[in-house]
K.L.:
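What follows is a single structure, and I will ask about it in a moment.
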Amino acid sequence: MAHRLDGSAGDVLIARLREQTAKIVALEPDVRADRPDAVHQMRVAARRLRSALRTHRRHLAGDHTELENELRRLGRDLGQARDAEVLGERLLAQARELPDGGDRDRVIAELTTWSSREAREGRAATLAALDSQRFRDLLTALTELADNPPLNARATRPAGPELTRILRREHRRTAERLATAEDTPEGPARERALHDARKAAKRARYAGETVGRPARSFTRRMKALQDVLGRHQDAIVARAAVRGLSDGGFGYGVLFGRQVGEAVFARELLPGVWERAGRRPKRIR
């Protein structure tokens, strides 16, 4: 069954650029005030803009690589605080489940100190990014692009066929990265390949979001795939953090094993999720 989408491909792109640029601008006061989830929301808006520039590159005149790079840099600066918060909460919650006695209290205390330090450093990096001239220049560039995007002739084509091609291209890219991961021997190389597949699934999901309601089913499937691959990556990152903190004691050993088990479980879930997500995106008209 085909879904309908009126307007041109350029119309869809303009709407996405304006929506996400407005979000970044509106979120700045909330990020500075350290309001809940504000850093995460701004980081996601930066990712969505970068994805839109990349997936719609054939609809824009000129080279926008530098703008993509600045959005990536902003995402990294914001990510330090967000990642520290999520990782700290994860490890502390698991540490509190350790058996009473032994080194449980010591592990909790050490994790609390470590998590607080990481959060402070991440917060400082976030504020430094927002205070920088680079951020002001980025906001100016994004606003100018959203207000007057340099659309080319291809952007005037009907949205349906153009967006169908984008979704199918991003879906193929995700499938290729998953196949690469499947063919890679167990170990760090496969873990990196699965992380690359996660990034591809995320970009495909954002492409579906840009289309909106006609691609809702595709977007849901890509999000489910991204989530299970993200679960795997979170376990890999947490495992590395525990390894760095561990002194060989029982508590850290249990936490390390927990991350290993989480990664294995995520890989076991992956085939079933991909069975649904692997369906070719339907035609949009």
Side-chain angles (χ1 to χ4, degrees), residues 40 43-44 46-47 50-51 54 68-69 71-73 75-95 97-98 107 110-111 114-115 117-119 121-122 125 170-206 222-275 277-278:
H40 175 61
R43 188 185 188 190
V44 170
R47 286 172 171 169
R50 184 160 56 90
S51 177
R54 176 60 57 179
E68 292 176 34
N69 290 339
L71 286 164
R72 181 183 291 109
R73 180 188 296 272
R76 283 200 302 264
D77 291 339
L78 296 170
Q80 187 175 339
R82 172 65 178 175
D83 292 345
E85 176 187 10
V86 172
L87 181 56
E89 289 175 354
R90 174 195 183 102
L91 293 180
L92 277 168
Q94 293 176 358
E97 295 173 358
L98 292 170
V107 169
E110 290 176 358
L111 283 175
W114 170 80
S115 179
R117 184 181 67 249
E118 292 291 308
E121 292 176 359
E170 295 303 316
H171 187 260
R172 285 195 304 271
R173 180 170 171 269
T174 303
E176 288 165 2
R177 291 199 177 187
L178 279 171
T180 297
E182 181 67 24
D183 293 339
T184 302
E186 287 285 346
R190 173 175 266 196
E191 291 166 1
R192 289 192 296 271
L194 286 170
H195 184 42
D196 287 342
R198 173 180 176 249
K199 290 187 285 187
K202 184 187 301 182
R203 199 166 97 175
R205 169 197 167 189
Y206 289 158
M222 289 299 103
K223 184 181 184 304
L225 178 61
Q226 176 194 332
D227 286 348
V228 74
L229 290 168
R231 183 171 184 170
H232 180 267
Q233 180 62 16
D234 288 347
I236 299 304
V237 171
R239 186 190 66 190
V242 172
R243 182 187 286 123
L245 290 164
S246 176
D247 58 2
F250 172 78
Y252 283 117
V254 172
L255 291 180
F256 186 87
R258 180 82 175 265
Q259 314 320 312
V260 172
E262 285 280 349
V264 170
F265 183 62
R267 289 198 297 272
E268 290 173 348
L269 292 175
L270 181 57
V273 175
W274 177 241
E275 184 178 357

K.L.:
Taking NZ, NE, NH1 and NH2 as the nitrogens, is one of them in R198 or D234 under 4.0 Å from a carboxylate oxygen of the other?
P.N.:
no
K.L.:
Could you check if a side-chain atom of Q233 sits within less than 4.5 angstrom of a side-chain atom of L229, using non-hydrogen atoms only?
P.N.:
no
K.L.:
Distance from L78 atom CG to H40 atom NE2, nearest 0.5 Å?
P.N.:
11.5 Å
K.L.:
Evaluate the criterion side-chain contact (heavy atoms from CB on, under 4.5 Å) for residue pair R239 and I236; output intermediate values, then yes/no.
P.N.:
CA-CA 5 Å; R239 186 190 66 190; I236 299 304; 3.8 Å; yes
K.L.:
Just verifying a value: how many Å separate L178 CG and D183 CG, rounded to the nearest 0.5 Å?
P.N.:
11.0 Å
K.L.:
Side-chain contact test, heavy atoms from C-beta onward, threshold under 4.5 Å: evaluate it for M222 versus E170 and give yes or no.
P.N.:
no
K.L.:
Donor-acceptor pairs under 3.5 Å, side chain of residues 265-275 to any protein atom, not counting sequence neighbours: which ones?
P.N.:
unit_1	atom_1	unit_2	atom_2	d
R267	NH1	H232	NE2	3.0

K.L.:
Strictly distance-based, threshold 3.5 Å: is any side-chain N or O of T180 a donor or acceptor partner for the main-chain N or O of E176?
P.N.:
yes
K.L.:
How about R90 and Q259: does a side-chain donor come under 3.5 Å of a side-chain acceptor?
P.N.:
yes
K.L.:
Decide whether R205 and Q226 meet the rule of one side-chain donor and one side-chain acceptor closer than 3.5 Å.
P.N.:
yes
K.L.:
Kindly give the heavy-atom pair with the smallest separation between A197 and T174, and that separation in Å.
P.N.:
O-CG2, 4.3 Å
K.L.:
For R231, which residues count as a salt bridge (Lys or Arg N to Asp or Glu O under 4.0 Å) partner, sequence neighbours excluded?
P.N.:
E262
K.L.:
Identify the heavy atoms of L194 and A181 that sit nearest to each other, and give their distance.
P.N.:
CD2-CB, 3.7 Å
K.L.:
Supply the atom-to-atom distance R50 CZ to R72 CZ, rounded to the nearest 0.5 angstrom.
P.N.:
4.5 Å
K.L.:
According to side chain to side chain contact (heavy atoms under 4.5 Å, CB included), who are the partners of D247, at least two apart in sequence or on a separate chain?
P.N.:
R106, Y252
K.L.:
For R73, give me all partners under side chain to side chain contact (heavy atoms under 4.5 Å, CB included), at least two apart in sequence or on another chain.
P.N.:
E70, R76, D77, R134
K.L.:
Is there a side-chain contact between E182 and R190 in this structure, where contact means two heavy atoms from C-beta onward sitting under 4.5 Å apart?
P.N.:
yes
K.L.:
Would you check if L255 and L245 make a side-chain contact, meaning some heavy-atom pair closer than 4.5 Å?
P.N.:
no
K.L.:
At what distance, to the nearest 0.5 angstrom, does OG of S246 lie from CD of E110?
P.N.:
9.5 Å
K.L.:
Partners of R173 by side chain to side chain donor-acceptor pair (under 3.5 Å), sequence neighbours excluded?
P.N.:
none
K.L.:
Check side chain to side chain donor-acceptor pair (under 3.5 Å) between R54 and all other residues, then give those that pass, not counting sequence neighbours.
P.N.:
E68
K.L.:
Which atoms form the tightest heavy-atom contact between A119 and A84, and what is the distance?
P.N.:
N-CB, 4.1 Å
